[in-house]
Novice: 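Quick one: structure below, then a few questions.
Numbering of residues begins at 1 and proceeds along the displayed sequence. Basis for what follows: all heavy atoms, side chains included, without hydrogens, waters or symmetry-related copies. Atoms within each ligand, like the ligands themselves, are counted from 1 in listed order.
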Amino acid sequence: MDTLTFSDSISATTRDGVLLVLIDNPPVNATSLGVRTGLMAALDYATQDTVRGIVITGAGKTFVGGADIREFGKPPEAPFLPDVYLRLEQFGKPVVAAVNGAALGGGCELALACHGRVASPTASFGLPEVKLGIVPGAGGTQRLPRLVGVTTAVEMIGTGRSVKASEALRVGLVDRIAPEELTAEAIALVEALTGKDLRRTGELVATRISDADIDAAAAKILAKARGQTAPGEAVRLVKAALTLPFADGLVEERRTFLRLRDSQEAAALRHVFFAERAAGKVEALEKATPRTIECVGVVGTGLMGSGIAVSALNAGYRVIGVEQSVEGAAKGRERIAGLLDKAVQAGRFDAAGRDERLRRLTVASDLGALHDADLVIEAVFDDFDVKTDLFRRLDEVVQADAILATNTSYLDPDAIAAATRRPERVVGLHFFSPANIMRLVEVVNCTRTQSDVLATALAFAKRLGKLAIVCGVTEGFIGNRIFSAYRREAEFMVEDGALPHEVDQAMEAFGFPMGLFAVSDMAGLDIAWARRKRQAATRDPNARYFEIADRLCEAGRLGQKTGQGWYAYPDGKRTIDPDVTALIVAERARKGIAPRSPVPGEIVKRLLTAMADEGRSLLSEGIAARASDIDLVMINGYGFPAHRGGPMFAAETTNAAAV
Ligand code: 3HC
């Protein structure tokens, strides 16, 4: 069978008069210039009488991963994607997409422009553009609602959520699923369509639904947008598919796409996209082989330990939990089963999935049960003596090559490792609570951690579906160090003249889901208070110290759990409390501080600067490998808005006057 070459990434063969076009543009078959020109050339070729129709598929495991994000910083080059797809849709012979894997963004739009779609069972479809701060720019907002209805389109495009082949079939996004012969099924569809009126998606009429129904679907999306522009624009464009002629809708979509593509929000989210890909690459580990992990031990099955256990069960591991007593073990098992039940209720898996996970779980009351574990993670009380004693005892019971991981937040993992005879097989795995939900894990490369141990910890975190960020040993690791700097600066701003709600409002307007003082109230003020008391003896007496937090705690205001903290909570609702304001005013007077209200933009600027300064220290100390790793930690662990790119990116790029 002769192969025809249309460009560096588009080739084709012919079978029974059908042109089988292959998109081969590694790594994800993005619609780079060569793909666009090649598709145009393939369409030219297919005008010949000998060609009855076209099947388009992707090489490898992806169909098409979308437009080439790396081209976004440059001026667009013809042929433009919407024009390629319009020509394809208008083509006089059947064109069928044989979707062999992920069809995302421009890849999904390619499938939408075809006259028929056949999917492999592993295919998925999505328009994730909003996650990049843009809207679909090659017909997605106009074709998807015409094909699957406005409500589904609003939800898919507004959230960027992908659907699996089975759901795509159910909503009408694909015509058939081919369990085996994808290409043969696609050719069969070309044959079935030959000689018939072709169903061109752009010519369909989107089924009208009431404005109230659209608004209800849109409201959920806009509520989560938190100052992000793209989701609202996506909703507007999908609505336009109901009122504008198709051609006008395409023009409006393209105009919006190009405008957003050049926005700060899109630059920030592109930064986050590439940061996540970079985080997985650790130079020193290229040659290290991760060891196989089959059985994971979790010591302590409280809030954190049970979340870690559930994550490991979800990833297919055998899990052994350990508690101090038989009753404790029974409670731990109950807690883990409870989290699995919640996941069933949320539709993540079914009851059979829960039972299968429970069969892989043992919860014991004796450390000896960990003999078979390849990796043991401790999630016990964050106290140095408790942890070192545990590590010493673990050292005795686990196999010689087992890895021990500490989940400490603030203690020195090097000192914990030193309590064992295997410090080179000790690593930090700093999960965030709830560990079965939160995506971030700081993987702490302790001074003596061996490279295969670090590689294993990273591979383990990846299999859990987590975003792993490697970090060196320092108090609080990357996230808590930056968070402490953020908190310190916010507290100083309060002493200098701002009020807690002003600080919170400024950061919430910037995009944080909750301001720092509100978060502190939620977490409880007593933990930090206890730490401050512990540190009192060693604190530099000349360093600036913020007493107001201590005064609140002394007054019994420990946050939401006592009904009062930085705010009051009558009926559970966060409210400014004049007593707190009075206390702040009195403390300022006592220290002789002449208060000054912050000027617009000052709060955000000062807090971003404090975070970025601390980030630069982490980089210079070699604790973090890249500025973008710091951004990812703060976005995924501390609520920093992704559409601002993280503190390092934002400090460089945000015009504080504009926020
Ligand atoms: N453009 C350019 N490069 C891309 C890319 C894209 N759309 N998608 C992925 N890549 C690159 C990654 O940067 C990475 O490069 P690296 O090896 O140099 O680090 C490589 O491809 C592999 O990516 P992953 O590690 O993410 O590979 P996976 O196999 O885990 O996942 C994927 C594959 C599901 C396709 C995932 O890469 C993904 O979600 N990609 C982005 C999808 C997306 O957002 N598409 C929309 C683009 S915008 C658009 O289409 C606009 C249109 O409407 C006009």
Novice: Which atoms of ligand 1 sit under 4.0 Å from any heavy atom of Gly106?
Specialist: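 Atoms satisfying the 4.0 Å criterion: 49 (C), 50 (O), 52 (C).
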Novice: Is there a heavy atom in Lys131 that sits closer than 4.0 Å to ligand 1?
Specialist: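 Outside the 4.0 Å threshold, so no.
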Novice: Out of all atoms in ligand 1, which are within 4.0 Å of some heavy atom of Phe274? Include the element for each.
Specialist: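 In order of numbering, the contacting atoms are 13 (O).
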Novice: For atom 16 (P) of ligand 1, what is the closest protein heavy atom, and at what distance to 0.1 Å?
Specialist: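 Its nearest protein heavy-atom neighbour is Lys281 NZ, 3.6 Å.
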Novice: Could you tell me which atoms of ligand 1, counted from 1 in the order shown, lie closer than 4.0 angstrom to a heavy atom of Pro128?
Specialist: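 It comes down to these atoms of ligand 1: 43 (C), 44 (O), 45 (N).
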Novice: Hey, which atoms in ligand 1 end up nearer than 4.0 Å to a heavy atom of Asp68?
Specialist: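 Counting from 1, the qualifying ligand atoms are 1 (N), 2 (C).
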Novice: Distance to 0.1 Å, residue and atom name: give those for the protein heavy atom nearest to atom 23 (O) of ligand 1.
Specialist: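 That would be Arg277 NE, 4.1 Å.
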Novice: For residues Phe510 and Phe640, establish whether the separation of their ring centroids is below 6.0 Å.
Specialist: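 Centroid separation for Phe510 and Phe640: below 6.0 Å.
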Novice: By number and element, which atoms of ligand 1 are closer than 4.0 Å to a non-hydrogen atom of Phe273?
Specialist: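 Counting from 1, the qualifying ligand atoms are 8 (N), 9 (C), 13 (O), 40 (N), 41 (C).
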Novice: How far is atom 18 (O) of ligand 1 from its nearest protein heavy atom, and which residue and atom name does that atom have?
Specialist: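 Minimum-distance protein heavy atom for atom 18 (O) of ligand 1 reads Arg70 NH2, 3.4 Å.
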Novice: Looking at atom 27 (O) of ligand 1, what's its closest protein heavy atom, distance included?
Specialist: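 Answer for atom 27 (O) of ligand 1: Val28 CG1, 4.7 Å.
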Novice: Within the 4.0 Å heavy-atom shell around Phe72, which atoms of ligand 1 are there?
Specialist: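 Answer, ordered by atom number: 48 (S).
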Novice: Identify, for atom 28 (P) of ligand 1, the protein heavy atom at the shortest distance, and state residue, atom and that distance.
Specialist: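 Looking only at protein heavy atoms, the one closest to atom 28 (P) of ligand 1 is Lys61 NZ, 4.2 Å.
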Novice: With a cut-off of under 6.0 Å to the ring centre and 45° to the axis, is Arg277 in cation-pi contact with Phe273?
Specialist: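 Because its charged atom sits under 6.0 Å from the ring centre and within 45° of the axis, Arg277 does stack over Phe273.
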Novice: Determine, using ring centers only, whether Tyr638 and Phe432 are less than 6.0 Å apart.
Specialist: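 Yes, close enough.
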Novice: Can you tell me which residue and heavy atom of the protein come closest to atom 45 (N) of ligand 1, and the distance to 0.1 Å?
Specialist: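 Scanning the protein heavy atoms, the shortest distance from atom 45 (N) of ligand 1 goes to Gly65 O, 2.9 Å.
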Novice: Any cation-pi pair here, Arg357 with Tyr317, using under 6.0 Å and within 45°?
Specialist: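 No cation-pi geometry.
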Novice: Which atoms from ligand 1 have a heavy atom of Glu109 less than 4.0 Å away?
Specialist: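 Here the atoms of ligand 1 in question are 52 (C), 53 (O), 54 (C).
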